[in-house]
Amino acid sequence: MKDRRAVILLVLAASAWACTTDFESPDAEDSTTQDSTEEASDQPPDQPLDQPLDPVPDTNGADGYDILIEPGAEPTVIIDNTSNHPDFDVLGDWMELSSDLAYLNECLYAEPRPGAHTTPDATATFRPYFPQSGLWAVFIWWPHGEDRATDTNILIHHAEGTALRVINLTINGGQWRQLGVFRFNEGQDGFAVIQDSITGYTNADAMGFLYLSP
């Protein structure tokens, strides 16, 4: 009789353990899934390693800066390579070049040099006098050629910082091309600098500025 009671107790204990396992297991899985989801939501989205975090500087040409000035809207302030100091100033080795594509048929050029983008050796500074503060469109003119630089750096120092433009001098020359619209203060605090390159000859020809609005 005692043996039969022992067997019954063992069967009841086994049944109770099985029921407990059946009900607790799904809860445990749901809890694990929820925790994993919450942890994932706190993680920032993955960013491809081959994608730059900062925007790439604009370039002229088929896929970048290639904006013609509107007909009849020439810059009101123009600085040419023949302008007097301090409107136009150069550092380093620049040589004169005559070209039908150059503004007023004359410009300067600097030879390509290794390491120019890291430590520029030849620079040309265009420093106009802005008669009033406000938004100004900035334009550039160069004579294109097959031996010119494909990645000439132009730094535009304006009232809100410095902008970099990278242009291809092998194409789209002989006319005004727009580099963007920037805010300048009245006076000569704002200016633009052309740097020599490693990929070809760099031209320092002319830059224009057109007032748009306050």
Side-chain angles (χ1 to χ4, degrees), residues 54-60 64-69 73-97 102-104 106-111 113 115-144 148-149 151-169 172-198 201-214:
D54 297 324
V56 177
D58 297 300
T59 61
N60 75 314
Y65 265 105
D66 186 13
I67 307 173
L68 278 169
I69 189 172
E74 285 217 352
T76 54
V77 178
I78 297 176
I79 304 298
D80 181 65
N81 63 283
T82 61
S83 300
N84 295 325
H85 182 80
D87 294 348
F88 179 78
D89 194 20
V90 296
L91 294 175
D93 295 328
W94 292 88
M95 291 157 281
E96 295 183 355
L97 173 68
Y103 188 78
L104 301 181
E106 183 181 321
C107 70
L108 301 180
Y109 72 93
E111 295 183 346
R113 186 181 62 84
H117 287 165
T118 305
T119 54
D121 182 62
T123 61
T125 301
F126 298 76
R127 190 184 294 272
Y129 176 82
F130 294 98
Q132 62 188 114
S133 301
L135 294 176
W136 291 74
V138 178
F139 297 88
I140 187 171
W141 186 303
W142 71 89
H144 61 256
R148 310 299 157 81
D151 56 354
T152 298
N153 286 344
I154 301 178
L155 297 174
I156 302 172
H157 299 264
H158 51 90
E160 298 171 340
T162 301
L164 171 65
R165 295 292 183 262
V166 183
I167 62 174
N168 181 356
L169 299 182
N172 295 333
Q175 53 198 321
W176 290 114
R177 295 280 170 170
Q178 183 176 321
L179 297 177
V181 175
F182 308 93
R183 182 171 299 280
F184 292 96
N185 294 325
E186 180 181 351
Q188 286 190 296
D189 289 339
F191 59 97
V193 179
I194 297 178
Q195 300 177 342
D196 55 356
S197 176
I198 63 176
Y201 292 95
T202 298
N203 289 130
D205 192 359
M207 296 197 71
F209 306 83
L210 178 65
Y211 178 77
L212 298 178
S213 63

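Taking each heavy atom of Thr152 and Gln195 in turn, the nearest pair found is CG2-O, 3.6 Å. Minimum interatomic distance between Trp176 and Pro75 (heavy atoms only, all atoms of both residues): NE1-CD, 3.8 Å. When all heavy atoms of Asn203 and Pro143 are compared, the closest pair comes out as OD1-O, 3.1 Å.
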Discussion item. Is there a side-chain contact (heavy atoms from CB on, under 4.5 Å) between Val138 and Val181? Walk through the geometry before answering.
Written reply: CA-CA 6 Å; Val138 178; Val181 175; over 6 Å; no
Discussion item. Pair Val77, Trp136 - check side-chain contact (heavy atoms from CB on, under 4.5 Å), show working.
Written reply: CA-CA 10 Å; Val77 178; Trp136 291 74; 4.0 Å; yes
Worksheet entry | CA sep, side-chain torsions, deciding dist, call: Phe130, Glu186, side-chain contact (heavy atoms from CB on, under 4.5 Å) | CA-CA 5 Å; Phe130 294 98; Glu186 180 181 351; 5.5 Å; no
Worksheet entry | Evaluation steps, side-chain contact (heavy atoms from CB on, under 4.5 Å), between Ile156 and Phe184 | CA-CA 10 Å; Ile156 302 172; Phe184 292 96; 3.9 Å; yes
Which donor-acceptor pairs under 3.5 Å do the side chains of residues 204-214 make with protein atoms, sequence neighbours left out?
from	atom 1	to	atom 2	distance (Å)
Asp205	OD1	Tyr103	N	3.4
Asp205	OD2	Tyr103	N	2.8
Tyr211	OH	Gln132	NE2	3.2

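Pairs of residues two or more places apart, or lying in two chains, never qualify as side-chain hydrogen bond (donor to acceptor under 3.5 Å, both in side chains) while including a residue from residues 119-129. Sorted by first then second residue, the salt bridge (charged side-chain N to carboxylate O under 4.0 Å, His left out) pairs that include residues 129-144, not counting sequence neighbours, number zero.
Remark: Glu96 engages no residue in a salt bridge (Lys or Arg N to Asp or Glu O under 4.0 Å) (not counting sequence neighbours). By the side-chain contact (heavy atoms from CB on, under 4.5 Å) test, Ile198 is found to be paired with Ala116, His117, residues two or more places apart in sequence or in another chain being considered. For Gln188, the side-chain hydrogen bond (donor to acceptor under 3.5 Å, both in side chains) test picks out Asp87, with sequence neighbours left out. Residues forming a side-chain hydrogen bond (donor to acceptor under 3.5 Å, both in side chains) with Thr82 (at least two apart in sequence, or on another chain): Asp80. Scored by the side-chain contact (heavy atoms from CB on, under 4.5 Å) test, Asn185 finds Ser133, Ala159 as partners (sequence neighbours excluded). Contacts of His157 classified as ring-ring contact (aromatic ring centres under 6.0 Å, His included), with partners at least two apart in sequence or in another chain: Phe191. Residues satisfying the salt bridge (Lys or Arg N to Asp or Glu O under 4.0 Å) test with Arg113, not counting sequence neighbours, are Asp196.
Atom CH2 of Trp141 is separated from atom SG of Cys107 by 12.0 Å, given to the nearest 0.5 angstrom.
When side chains are defined from C-beta on, Tyr109 does not count as touching Leu169, because their heavy atoms never get closer than 4.5 Å. Side chains of Thr202 and Trp142 form no contact here, defined as non-hydrogen atoms less than 4.5 Å apart.
A side chain to side chain contact (heavy atoms under 4.5 Å, CB included) with Asn153 is found for one member of Ile167, Val166, Val193 and no other, namely Val166.
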